[in-house]
Number of protein chains: 2
Amino acid sequence: MAVNGGKLDEAARAAWLYYVAGNTQDQIAAKLGVSRQSAQRLVSLAVSEGLVKVHIDYPIAHCLDLSKALRETYSLSFCEVVPTDPDSTSTTLGVAQATAAEIENWLGRPEPLIMGIGTGRTLRAAVEHLSTMECPQHRIVSLTGNIAPDGSAAYYNVIFTMADKVKARFFPMPLPVIASSEKERETLHAQPMIRPTLELAAKADVTFIGIGELDDEAPLYVDGFITREELQALRRAGAVTEIIGWTFDPQGRLVEGITNERVASAPIPSRETSLVIASAMGKKKLPGIRIALEGKLINGLVTDEATAEALLTPSLR
Amino acid sequence: MAVNGGKLDEAARAAWLYYVAGNTQDQIAAKLGVSRQSAQRLVSLAVSEGLVKVHIDYPIAHCLDLSKALRETYSLSFCEVVPTDPDSTSTTLGVAQATAAEIENWLGRPEPLIMGIGTGRTLRAAVEHLSTMECPQHRIVSLTGNIAPDGSAAYYNVIFTMADKVKARFFPMPLPVIASSEKERETLHAQPMIRPTLELAAKADVTFIGIGELDDEAPLYVDGFITREELQALRRAGAVTEIIGWTFDPQGRLVEGITNERVASAPIPSRETSLVIASAMGKKKLPGIRIALEGKLINGLVTDEATAEALLTPSLR
DNA sequence: TCATAGTATTAGCATTTGCTCAATCGCTCA
DNA sequence: TGAGCGATTGAGCAAATGCTAATACTATGA
């Protein structure tokens, strides 16, 4: 650790000399007393370790227009649109960074607040972009259980990753994502360790969530929280999208009778009294995002240009 | 403006594709439908226009140690130490960026606050690194007059530059930096436009200042606020450093009888009830920083490694 | 002491980037 | 209409960067 820390220290220094002071790698090598190649390694290590944060501080007109249009069309309190890289296959590029910036923005406030955190690939990517911060005044509460079907910690439950980066009071949910029966869920929720956490989640000032698909790569199915049969039953019952374990039909209603009665997650916090921000982009998520917007399941959105444009084109449904 | 804005828009997009999405300039050129060289130009334009903000998000152990040591030695409430580039001749490299980040940090808070702003090269460089922000809840007050001896706006009075970047309520001081007599100063200060500004300055929650030398390149002299004779007289009277127009001797006392009676600046706000952060680095500023620290003229500091180390070496005085 | 596995370092090369200079474009004004 | 002039563009090249494969080093255990 000390060795590794020392290495990162050097990497940070090299990256500083490179990006901030504008040195070439040769100059850095000379200053740090290493070879040119080692200097290059240090810089690229710093980049790959996420030590180097780049952001483009200019409101691109088209993105601003889209974000304004989305805010008006769906009466959102918050909306951020990042550029699209047409060739990239990533489903988080840009959105992750912007979400991280918004999370940091909230955590940077001195007055204590409660932040709710959902789950998923996008949110995980966002959390990986967080800076290390000290904010013991805040409470961060997971909205979903963190126990995978095999008993291990669910990988895409981001709260533990977040705890590595941010010093705050964390409230994970030591629960499965979906209980085996409605009764079990009630029992679990009544536990003295769980109840206060659920109450905290309901009081969140701001909440960040992802939006899940229910196609063949549905995260809920891929991660083993539901069976293939349950997935198919959900789809037959009209479920199209999933948010923190809850599945919704195209009208934004919870699909009844299959898994929702057993979902152990907290409900989505109130959109009347708090901010619920979804981060999602990409064609596959489009129907889900639309449902979340039209069903008023969210009142904040981080997405990319291409998705924003599609959301503003009413034609294809 | 529309043309220029459109250009910056493209530049921002190119920079985003380059730095965030990780494209090469050839790929960017293809996506934007321009030549490789044009793409390169757009990216470098974005960099030179300051659209690209890079920061290294890793606490370099040595810098942290120094900042902690400085905090303890001089009972500071705030201290930030940035790396030193041994070859750089800049007197602002790193410190400007770190100061800008700290200013942004304060301005990002939702609760209204009063920020005092001094003057000088370092502060100006810091302000140039600020992002554009909307924060109408805050009030930003200049501690020094902004009228140069020739009647024009004083260049190193940073409040107008800051107003270009940040949307807040600004309170400049339509005064010369040094009045022609003690009496004139009293008259000026009694003016209905000035008095409330001075009162505001005294209530600042946080204040950012630079530290000026009194050698032959003393900013006060170079910018024409004092004559060569006055500079020499100040030095003979023991003055070593200058903060927002006020000159101090090695014990941190105001030097009497030469210019201080005529300085039209607001006093340095209280270090008991507010945070006063100085940004300065470099050998030439060392005596000034020392005086500010030992004389308790400040309770916050942004500096670089080399300067920090020198400040912690008591030997040479 | 020596073998060994894993890690770190170096050399060399292909790619990418930044810069200069000459050519072209587009706009203004006579 | 066309000369003049600044701004923009593209070609070519030198510098900087990133990658790969080969080599050296280090720590561990027999």
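Just so we're on the same page: letters track the sequence lines, and every chain starts at 1.
Applying the 4.0 Å criterion to OP1 and OP2 of dT17(D), one finds that Tyr18(A) has a side-chain N or O inside that range.
Under the 4.0 Å criterion applied to side-chain N and carboxylate O atoms, Glu104(A) and Lys165(A) are not assigned as salt-bridge partners. Glu80(A) has no carboxylate O lying under 4.0 Å from a charged side-chain N of Arg71(A), or vice versa, which leaves the two without a salt bridge.
The CG-P distance, from Leu42(B) to dT9(D), rounds to 8 Å in whole Å. In this structure, the CG atom of Asp26(B) is 12 Å from the P atom of dT15(C), given to the nearest Å. Computed from coordinates, the Tyr19(B) OH to dT17(C) P distance equals 10 Å when rounded to whole Å. Atom CG of Leu45(A) is separated from atom C1' of dG18(D) by 15 Å (rounded to the nearest Å).
In the region residues 32-40 of chain A, proximity to DNA chain D at under 4.0 angstrom, judged on heavy atoms, holds for Arg36(A), Gln40(A).
Scored by the salt bridge (charged side-chain N to carboxylate O under 4.0 Å, His left out) test, Asp215(B) finds Lys284(B) as partners (sequence neighbours excluded).
Taking for each of Arg41(A) and Thr24(A) the nucleotide of DNA chain D with the nearest heavy atom, the 5'-most of the two is the partner of Thr24(A).
Checked by atom type, the side-chain pair His55(B)/Gln97(B) shows no donor-acceptor distance below 3.5 Å.
Note that CD1 of Ile140(A) is 10.0 Å distant from CZ of Phe208(A), once rounded to the nearest 0.5 Å.
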For residues 29-37 of chain A, which side-chain donor-acceptor pairs fall under 3.5 Å, sequence neighbours excluded?
from, atom 1, to, atom 2, distance (Å)
Lys31(A), NZ, Asn23(A), OD1, 2.6
Lys31(A), NZ, Asp85(B), OD1, 2.4
Lys31(A), NZ, Asp85(B), OD2, 3.3
Ser35(A), OG, Ser38(A), N, 3.2
Ser35(A), OG, Ser38(A), OG, 3.0

